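Here the structure comes first, spelled out in structure tokens, and everything after it is commentary.
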Amino acid sequence: MLLLKDLRNNSAWNQRYTVIINTTKFTDEVMDRETKFSQEMIKKAPNNESAWNYLRGVLAEKDLHSYPGMMEFCEKLYDNEIKSPHLLGFMIDVYDSMLESGDSNKENILKKATEMCVSLAQNFDVIRKEYWLYESRRLALKYGTAAE
Amino acid sequence: MNAWMQADLGCVKGYILCCSWILHSLYLLGEQVSEEQASRVAKFLKRCQHPDGGFGGGPGQCPHLAPTFAAVNALCTLGTQEAYDVIDRSSLQKFLIKMRQPDGSFQMHEGGEVDIRGTYCAAVAAQLTNVQTPEMFDGSAEWIAGCQTYEGGFSGMPGLEAHGGYSFCGFGALVILGRERLCDIDGLLRWTVNRQMKFEGGFQGRTNKLVDGCYSFWQAGVLPCIHRVLSMQGDKALGADKWMFDQGALQEYVLICCQHFGGGLIDKPGKARDHYHTCYTLSGLSVAQHFTSGSLSNECVLGHPNNELRRIHPLYNIGLKAALDANKHFTSLPVPGKDEPTK
């Protein structure tokens, strides 16, 4: 309830997660419900890190890329000129998930992922430049042609 | 939270904590403590040692893991034979074992609260003085790992919110115990780097909270530890000259926003100065000024070259030399309760 009034209250998000873990756990049904809730909160405040962290937490046991509608959700925000570093970081995680699963479009996805890291480093999340450059190198080493 | 070292110590006045913060701050600033002063401090710390082992916050006070950690650090910072000899290693070992709970966690003092600081304080005290036994930390690493939240940082206890001070303690303890693989290091890295504020340049303690100078160490100080762990795991993507945070921006926050006009450092503009913030903002500044990885090193000192502080050992937050000298001294002594001297 507190989250509806104060969606940036990180303690409330954490409490929500703890309650679920200690009661119903994240069944498929609960996961769906919590994913929808997080996505609604993200649409209200796309740069609210708490909601993005929670979404990642809800789906931690899943392959992000195979969760129905996840990439579409992200791309819709992106196409609406939302360039929150949390959105872009989440999209990189979805690309990572695709690459991890051995997607046949590997080169193209890797290119998107590393380019997004660089755009974060240079434009959208400059304070974390060293981290994004590291992520870019990490992805390239893990999935690039040199890794074969 | 920013007075976490003091707030819940009950009757303890925290003299020892101030002692360790002041000594460490003086070290960072390149100030020498005279032999006479060092001796007086060592004698004072000796009076804070409890007959049953461990140190209380002041003379005659009950032993507590926070002042015990602070006392060990302070004595290693002094680095004299007299300082080393203050520590009754045998009773310290008994105290640490007494604080240990069946699930591997540590209570801060007898009948006191259990939280992740306890494990870190115990691990540092045990390792620096070489009193560790295999049983002492049995299950501790697993308990600590249970404190990592979905956000990637660590909380004070399982289920609570990820927080800078606790996160440093959690990862630091895992590294000291050699069990860092038990946690999600990538998740911790992501959470930690996201705690740097893009406007202020300093770090916040939790998601969506305010910046505070002390997190310059608790948050930024984790990154050298992560870097070392990843490097030892053979991570080829690591940088060769910078930590994974904006070292310049953190230095700007500390130098421009955290200096009190009368001397000492603070949480944020408008706050009062205190020794805790002085110690931890300076510690974070030192981390931001110096990159070291194996044989690689790179200095990045903002402003006048005189701004350069001395280097720290990021795991214990004492001077590098102090840590090395203490290690050399205490590993030459046998672990209490064992027959053979350790090599």
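Everything numeric in this text was worked out from a predicted model, so none of it was measured. Convention: sequence-line order gives letters A, B, ...; per-chain numbering from 1.
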Can you give each donor-acceptor pair under 3.5 Å made by side-chain atoms of residues 179-189 of chain B, sequence neighbours left out, with the distance rounded to 0.1 Å?
from    : atom 1 : to      : atom 2 : distance (Å)
R179(B) : NH2    : E142(B) : OE2    : 2.9
D184(B) : OD1    : D186(B) : N      : 3.3
D184(B) : OD1    : G187(B) : N      : 2.9

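- Counted within 6.0 Å of NZ on K83(A), heavy atoms from surrounding residues, nucleotides or ligands total more than 12; the atom is thus considered enclosed.
- Interatomic distance, L55(A) CG to Y150(B) OH, rounded to the nearest 0.5 Å: 11.0 Å.
- N208(B) approaches S50(A) most closely through the heavy-atom pair ND2-OG, 2.9 Å.
- Checked by atom type, the side-chain pair Y131(A)/N194(B) shows no donor-acceptor distance below 3.5 Å.
- Ranked by heavy-atom pairs under 4.5 Å with chain B, the first of E49(A), R8(A), K129(A), R138(A) is E49(A).
- Of the two parts of W13(A), the backbone and the side chain both hold a non-hydrogen atom closer than 4.5 Å to a non-hydrogen atom of chain B.
- Contacts of E107(A) classified as salt bridge (charged side-chain N to carboxylate O under 4.0 Å, His left out), with partners at least two apart in sequence or in another chain: none.
- Sorted by first then second residue, the salt bridge (Lys or Arg N to Asp or Glu O under 4.0 Å) pairs that include residues 54-67 of chain A, not counting sequence neighbours, are D28(A)-K62(A), R56(A)-D93(A).
- Contact of K236(B) with chain A is made through backbone and side chain together, with heavy-atom distances under 4.5 Å.
- The greatest number of non-hydrogen atom pairs below 4.5 Å with chain A, out of L223(B), L238(B), T149(B), is found for L238(B).
- Using non-hydrogen atoms only and a strict 4.5 Å limit, the part of residues 225-232 of chain B facing chain A consists of L230(B).
- Across every non-hydrogen atom of K242(B) and E130(A), the tightest pair is CD-OE2, 3.3 Å.
- Among N53(A), T18(A), L139(A), the residue with the largest count of heavy-atom pairs under 4.5 Å with chain B is N53(A).
- Between N10(A) and E151(B) the shortest side-chain heavy-atom distance falls below 4.5 Å.
- Applying the 6.0 Å contact sphere to NZ of K25(A) captures more than 12 heavy atoms from other residues, nucleotides or ligands.
- Residues A237(B) and R137(A) share a closest heavy-atom pair of O-NE, 2.6 Å.
- Between the side chain of R128(A) and the backbone N or O of K198(B), no donor-acceptor pair lies under 3.5 Å.
- Counting only heavy atoms from C-beta outward, the side chains of F245(B) and I127(A) never approach each other to under 4.5 Å.
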